[in-house]
Amino acid sequence: MAKNDSTQPPLYERIYAIVRQIPPGKVATYGQIAQMVGSCTPRMVGYAMAALKHIDRPDVPWQRVINRHGRISILDPFGGALQRQILEEEGVFFDNNDRIDFLTFGWVGAP
DNA sequence: AGATTGACTGCAT
DNA sequence: CATGCAGCCAATC
């Protein structure tokens, strides 16, 4: 029997699970994900994304996560430019203000 | 064991 | 519409 590790699935791991469920061509906000995870604040989602740099997890489409303004929130300019490029490859459209239209690309929860 | 870091949001001005 | 302030919590060094 396996002893269950004292370490339960880290909260970040749970957040990544939600992000991983975002279909291509769609985007979700930190608040949206936080609400899906449950007892979690949007801040935690952002922190979890930043932690991705520490754990290297290509399975997490962090690029599909943006802030409530429909804009990229990544601090790192290189990461932000990269995210925008990837999203465009996904088929997401940025307006002249570099903003995404949630009415068109906003992820409507899990299917 | 403690200090530091960090990709948000809502409300008020 | 832009800016500033406060609240939030976990992981990493």
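In the text below, chain A, chain B and the rest are named by the order of the sequence lines, each starting its count at 1. For the numbers below, each heavy atom of this structure counts, side chains included, while hydrogens, waters and symmetry mates do not.
Looking at residues 41-49 of chain A, you'll see A/R43, A/M44, A/Y47 sit with a heavy atom under 4.0 Å from some atom of DNA chain C.
Of the charged side-chain nitrogens involved, none lies within less than 4.0 Å of a carboxylate oxygen, so that A/R20 and A/D59 do not count as a salt-bridged pair.
Distance A/I55 CD1 to C/dC13 C1': 16 Å, rounded to the nearest Å. The CD1 atom of A/I15 sits 13 Å away from the P atom of C/dC9 (whole-angstrom rounding). A/Q32 has its CD atom 12 Å from the P atom of B/dG10, to the nearest Å. Atom pair A/H69:NE2 and B/dC11:P shows a separation of 12 Å (rounding to whole Å applied).
Comparing A/R99 and A/Y12 by the nucleotide of DNA chain C whose heavy atom lies nearest to each, the residue mapping closer to the 5' end is A/R99.
Using a 4.0 Å heavy-atom criterion, one finds that A/A51 contacts no nucleic acid atom at all.
The closest donor-acceptor contact from the side chain of A/Y16 to the backbone of A/A48 lies under 3.5 Å.
Partners of A/E89 according to the salt bridge (charged side-chain N to carboxylate O under 4.0 Å, His left out) rule, which considers only residues two or more places apart in sequence or in another chain, do not exist here. When the side chain to side chain donor-acceptor pair (under 3.5 Å) test is applied to A/Q85, no partner is found at least two apart in sequence or on another chain.
Ranking B/dC8, B/dG10, C/dA11 by closeness to the A/P10 side chain, first place goes to C/dA11.
Results of the side chain to side chain donor-acceptor pair (under 3.5 Å) test with A/E90 over A/Q63, A/R64, A/K26 single out A/R64 as the only residue that passes.
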